[in-house]
Amino acid sequence: GAPMKALIIDGQNNHDWKTTTPALKQILEETGLFTVDVATSPPAKGDMSTFKPDFAVYRVIISNYNGEPWSKETQDAFEKFVREGGGFVSIHAADNSFPEWKAYNEMIGVGGWGNRNEKSGPYLRLRDGKWVHDTTPGTGASHGAQHAFLVQTREPAHPIMRGLPAEWLHSKDELYDRLRGPAKHVTVLASALATRETRGSGEHEPLLMVISFGKGRVFHTALGHAMEAIRCVGFATTLQRGTEWAATGSVTQKVSANFPTADKVSLRP
Ligand code: ZN
């Protein structure tokens, strides 16, 4: 069929969005499944009332945005888009955005920083093989030193994960830990151990998740701090598959032979 229309949102981020957005766009377009537009917001302290992407013409929205609140009108339009069945993909610091926007936090499941704490919701913690809510008071997010780390599949039968190895070595990235939020309707697809040695939480941290919000599907990847992480074949593959799943509810892509293994990072050119 014809490629699906996808939209990346950027314009404000404490990360280098001017470099990463073109890379994300290429990763998505090379699947042949998507044509990707980019909506760039005004810079910080700009007139956000002018930022009004036409969400309704897209199948899936991908956020590379971490910045000031959008207008009420734009927030309402985005919420309506997802609630009525649109796909949404949150990349890395996009889950830092909008700590005060209730529906957005329900879409991402858990998020970080922005004064998030126990009032934002629980941590997701792996206990006896199940992800449970931990309401212990405390910080909403941190990360240790950047490093390559082992990503472990938790839902091998989910369409996004089918055919991927049980464990794979992700190239150097920030390993977000202690994210917290409403954590409703979340399925954790993959996690990684944030070791104490790297100043992490000592817990298995959810890093790839899917969330249902109304009729909409959300894919949340906490990976992707900078280009070394985005060039990881594991990051790119899960982004491609997660975006297709968010758009359609199924995944038709094959897993490439150069996918990383448990002991070897694999970078795209
Ligand atoms: Zn980062």
Side-chain angles (χ1 to χ4, degrees), residues 1-9 24-37 39 53-65 76-92 94-95 103-111 124 130-131 151-166 168 181-191 206-224 233-256 259:
M4 295 177 276
K5 284 176 70 67
L7 178 71
I8 298 176
I9 298 174
L24 298 169
K25 178 175 158 72
Q26 187 187 335
I27 287 167
L28 293 173
E29 288 191 331
E30 73 185 29
T31 64
L33 295 169
F34 307 106
T35 54
V36 182
D37 296 334
D54 187 4
F55 299 120
V57 303
Y58 296 96
R59 285 290 289 275
V60 57
I61 312 289
I62 299 100
S63 179
N64 192 25
Y65 181 91
D76 287 349
F78 183 71
E79 188 175 328
K80 182 172 190 287
F81 168 82
V82 181
R83 198 180 288 286
E84 294 184 352
F88 175 46
V89 176
S90 174
I91 299 178
H92 194 59
D95 72 14
Y104 185 82
N105 285 276
E106 290 178 4
M107 291 178 208
I108 60 174
V110 288
L124 283 169
K130 288 199 162 50
W131 293 93
V151 175
Q152 297 177 279
T153 298
R154 298 293 173 188
E155 291 288 335
H158 190 280
I160 296 172
M161 306 306 285
R162 211 172 286 152
L164 269 60
W168 49 277
K184 293 192 284 194
H185 315 298
V186 180
T187 302
V188 178
L189 302 182
S191 61
L207 297 178
L208 303 180
M209 291 162 264
V210 289
I211 302 97
S212 57
F213 180 83
K215 294 180 183 155
R217 284 175 298 271
V218 180
F219 173 65
H220 177 170
T221 176
L223 306 175
V233 173
F235 172 86
T237 300
T238 51
L239 178 65
Q240 290 166 329
R241 297 173 69 88
T243 304
E244 183 182 7
W245 180 85
T248 69
S250 60
V251 177
T252 60
Q253 302 168 62
K254 294 197 166 55
V255 180
S256 71
F259 199 89

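Atom set for the values below is all heavy atoms of this structure, side chains included, hydrogens, waters and symmetry mates excluded.
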Please name the pair of heavy atoms, one in [X] and one in [Y], separated by the smallest distance, quoted to 0.1 Å.
X: Trp245; Y: Val218; value: CZ3-O, 3.7 Å
X: Ala246; Y: Val89; value: CB-CG2, 4.1 Å
X: Ala222; Y: Asp95; value: CB-OD2, 4.2 Å
X: Thr243; Y: Leu239; value: OG1-O, 2.6 Å
X: Pro206; Y: Trp131; value: CD-CZ3, 3.9 Å

Q: Evaluate the ring planes of Trp168 and Phe259, with Trp represented by its six-membered ring, and classify them as parallel (under 30°), tilted (30 to 60°) or perpendicular (over 60°).
A: perpendicular
Just wondering, do [Y] and [X] contact through their side chains at under 4.5 Å, heavy atoms?
X: Leu33; Y: Thr252; value: yes
X: Phe34; Y: Val60; value: yes
X: Ile9; Y: Phe55; value: yes
X: Ile108; Y: Phe213; value: no
X: Arg217; Y: Val210; value: no
X: Ile62; Y: Leu28; value: yes
X: Leu208; Y: Ile160; value: no
X: Arg241; Y: Val255; value: yes

Q. With respect to Leu207, which candidate in Thr221, Leu189, Leu223 satisfies the side-chain contact (heavy atoms from CB on, under 4.5 Å) definition?
A. Leu223
Q: Using the test ring-ring contact (aromatic ring centres under 6.0 Å, His included), find all partners of Phe219 that sit at least two apart in sequence or belong to another chain.
A: none
[Y] backbone acceptor or donor facing [X] side chain under 3.5 Å:
X: Ser90; Y: Ser63; result: no
X: Glu29; Y: Val36; result: yes
X: Arg59; Y: Ala247; result: yes

Side chain to side chain donor-acceptor pair (under 3.5 Å) involving [X] - partner list, sequence neighbours excluded:
X: Asp54; result: none
X: Gln253; result: Glu244
X: Thr35; result: none
X: Arg154; result: Gln152, Ser191, His204

Q: Please find out if less than 6.0 Å separates the ring center of Phe88 from that of Phe78.
A: yes
Any chance you could measure [X], atom [atom1], to [Y], atom [atom2], to the nearest 0.5 Å?
X: Lys25; Y: Glu30; atom1: NZ; atom2: CD; result: 12.5 Å
X: Ile211; Y: Lys184; atom1: CD1; atom2: NZ; result: 12.5 Å
X: Thr31; Y: Gln240; atom1: OG1; atom2: CD; result: 6.0 Å

(Q) One pair to check against side-chain contact (heavy atoms from CB on, under 4.5 Å): Met107 and Glu79. What are the steps and the verdict? (A) CA-CA 9 Å; Met107 291 178 208; Glu79 188 175 328; 4.3 Å; yes
Q: Sort and list the pairs that fulfil side-chain hydrogen bond (donor to acceptor under 3.5 Å, both in side chains) and have at least one residue in residues 155-164, not counting sequence neighbours.
A: none
Q: Apply side-chain contact (heavy atoms from CB on, under 4.5 Å) to Val110 and Val186, showing your working.
A: CA-CA 9 Å; Val110 288; Val186 180; 5.9 Å; no
**Q.** Pair Phe235-Val151, side-chain contact (heavy atoms from CB on, under 4.5 Å): steps then yes or no
**A.** CA-CA 10 Å; Phe235 172 86; Val151 175; over 6 Å; no
